[in-house]
Amino acid sequence: MPAPFPHCCSLQINNTCVPGGREKIGKEKGWGGAKMAKFTLKAENFCSFLPQTTSTTVGKAFAFRDKSVGGSYFQLSPVRPSSLKFRVLCGIREKDGVKKEGETVPAVAPSHQGVNGVRVGEAKQGRLGRGGDGGGEVGFDWNWPPWKNLPPRYKLIGTTSLAFVICNMDKVNLSVAIIPMSNQFGWSSSTAGLVQSSFFWGYALSQLPGGWLAKRFGGRKVLELGVLTWSCATALVPLLAGFMPGLVFSRILVGIGEGVSPSAATDLIARTIPLQERSRAVAFVFGGLSVGSVTGLLLAPALIQHYGWESVFYLFGLFGLAWFIGFQTMVEQEASYTAEPAANSSSHEEEKSQGSSLEELGESMNDVPWKPIFKSPAVWAMIYAHFCGSWGHYNCLSWLPTYFSEALNLNLTEAAWVSILPPLASVFVTNLAAQLADKLISSGVETTTVRKFCQTVGFLAPALCMIPSAVDLGLHPWQVVGILTAGLALSSFSLSGLYCTHQDISPEYASILLGITSTTGAVPGIVGVALTGYLLDTTHSWTISLFAPSIFFYLTGTIVWLVFASNGLKVE
């Protein structure tokens, strides 16, 4: 029967394998004049003397005795089953001048970390089981899963970023599936537009309530509820597609679930991540949106082609439910095994998570310093900047595939692949911008200066790169594609600019601030996308309908940001 573990080792005493050693055991002086058996570890047939592990033996201790080695006694017991960590307790009975039975062996040096996951622990005083008078402790630690020993705040940021990947997958799935759905149900373009825009209704309505809920109950709980809501609503779309009110309502629920998530993530970052790591944390979390767009646009066409449009909603909804269950498991393990709190974390969130009466909820709304917030020029600069950035982002997300197809004469396959390039490039630019921003702050550059610089790049780059499309310069279509891709990718600098400023101004009310700015930021998704279509029908000009308005908002947003942006509002 094969050994139960693939990588094994043997315990050796002075290079003699135990049990079944062939060489004569040597001894040397130990602490306090006692002669102690010296042992080493060797990667060899360790498991040859272990009992075969079954489901009934997991979590239980087992032991063996080898009389050939001076009556040595070994006991192996897992620290906890999920960690695959075992302790080897070794006791040597009295022999050749070693301490007599009943006496204690002085403690060895404090525990330290060995190589290759081997940990030598403190010796236990007194007799050890049936075996001997004292012993050392050796731990075998198989670090699986790989993220087991990561600080809690890194696990939290990683899972939050994964939630945002799923978030944008569920946002873009309808833009692909709407074509076969329209053919099946006989929808007109106006009806299809109604279905797609219904997402933004829920998204806009839930921004400010989501910010307040995140502050009141903690971002973790609000994020869990948001993912559960939009995932269930996504999975219901195929069942409600033939009933228009139900379909619209399901997409509104998707918008509500996704609308509370940015504020929840902002609250988590503000409470758990120090300033020197904040840009990278925000970039990593919100960068998940770009990854989600790419993933959704890649998976959806293949799924529709092979399994029908319904499969997109079922599978993407299942992803969200799996995340919800996995996040619950991670939180439980963290509560059970984590002794070290996350940096800058606060128990305030957990205290707030307890049940509250309606009176307390009302009082919490009154506790928000609404007057200082809305009197601050910096807050109004964030509101306008969020509106300007969303106008360019949502209109390009909705209309660039059509522009590539109609204006640049790319076929549908080319247009679909080209649409993936901007979010794909954004994944790399986001990381570079975050590294740069955090490095500047750590080197002593003023935080406000860094935020202004990043946001300026995030606005001016797409504005300048839209000019060759707005003005016919006779460029080859693929040159235009490359320039637009570069500009939209560089707009990701905003994640280290605007999207970090909410936490910089007030970690306590960061979710409220993001809820306020995101409410206005959702308006272009409702008004701007429809207005672009109307202008395109009436003027037949991509310059007037798409590029000129976007350039205008990017430029004016830059001016307002440079003049009024600040992290000087203190409302705690």
Side-chain angles (χ1 to χ4, degrees), residues 153-154 157-158 160-162 164-165 167-168 262 265-266 268-270 273-294 381-382 385-386 388-394 396-397 420-466 482-505 510 514 517-518 521 550 553-555 557-558 560-562 565-567:
R153 69 182 187 275
Y154 293 165
I157 293 304
T160 303
S161 179
L162 181 59
F164 276 48
V165 172
C167 173
N168 252 29
T266 298
L268 283 174
I269 294 170
I273 303 299
L275 176 62
Q276 294 77 8
E277 301 176 8
R278 191 167 293 161
S279 298
R280 282 169 288 175
V282 171
F284 190 77
V285 169
F286 286 88
L289 296 174
S290 297
V291 177
S293 296
V294 173
M382 290 193 299
H386 208 141
C388 295
S390 294
W391 187 282
H393 175 74
Y394 288 142
C396 288
L397 184 68
I420 297 174
L421 294 179
L424 184 62
S426 296
V427 175
F428 300 98
V429 174
T430 295
N431 182 61
L432 294 176
Q435 295 283 350
L436 175 62
D438 281 345
K439 185 176 182 180
L440 291 174
I441 293 174
S442 298
S443 64
V445 180
E446 187 180 356
T447 304
T448 300
T449 302
V450 175
R451 304 306 182 206
K452 286 186 176 182
F453 166 75
C454 291
Q455 191 59 42
T456 300
V457 174
F459 275 176
L460 287 184
L464 293 176
C465 290
M466 285 182 178
I483 294 173
L484 282 176
T485 298
L488 294 175
L490 289 172
S491 69
S492 299
F493 266 79
S494 297
L495 294 178
S496 297
L498 169 66
Y499 284 85
C500 287
T501 309
H502 305 82
Q503 297 96 298
D504 296 340
I505 287 181
L514 184 63
T517 64
S518 294
S550 297
F553 284 118
Y554 277 135
L555 294 179
T558 302
V560 170
W561 184 259
L562 289 175
S566 171
N567 67 341

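Side-chain atoms of Ser279 never come within 3.5 Å of backbone atoms of Ser496 as a donor-acceptor pair (strictly under, hydrogens ignored). Checking side-chain atoms of Ser443 against main-chain N and O of Leu440 turns up a donor-acceptor pair under 3.5 Å. Formation of a donor-acceptor pair under 3.5 Å by the Ser442 side chain with backbone atoms of Lys439 is not found in this model. Without hydrogens or angle criteria, Gln455 side chain to Leu498 main chain gives a donor-acceptor distance under 3.5 Å.
Side-chain atoms of Ser491 and His393 form no donor-acceptor pair, as typed in the model, at a separation below 3.5 Å.
Each of Ser492, Ser293, Ser290 was evaluated against Val427; a single residue qualifies, Ser290, per the side chain to side chain contact (heavy atoms under 4.5 Å, CB included) test.
Pairing each heavy atom of Ala565 with each of Thr448, the nearest pair is O-CG2, 3.7 Å.
Expressed to the nearest 0.5 Å, how far CG of Leu436 lies from CD1 of Ile441 amounts to 10.0 Å. The distance from the NZ atom of Lys452 to the OG1 atom of Thr501 is 10.5 Å, given to the nearest 0.5 Å. Rounding to the nearest 0.5 angstrom, the gap separating the CZ atom in Arg280 from the OG1 atom in Thr430 is 14.5 Å.
Residues passing the ring-ring contact (aromatic ring centres under 6.0 Å, His included) test with Tyr554 are Phe459, sequence neighbours excluded.
Legend: salt bridge (charged side-chain N to carboxylate O under 4.0 Å, His left out) pairs involving residues 456-466, not counting sequence neighbours: none detected.
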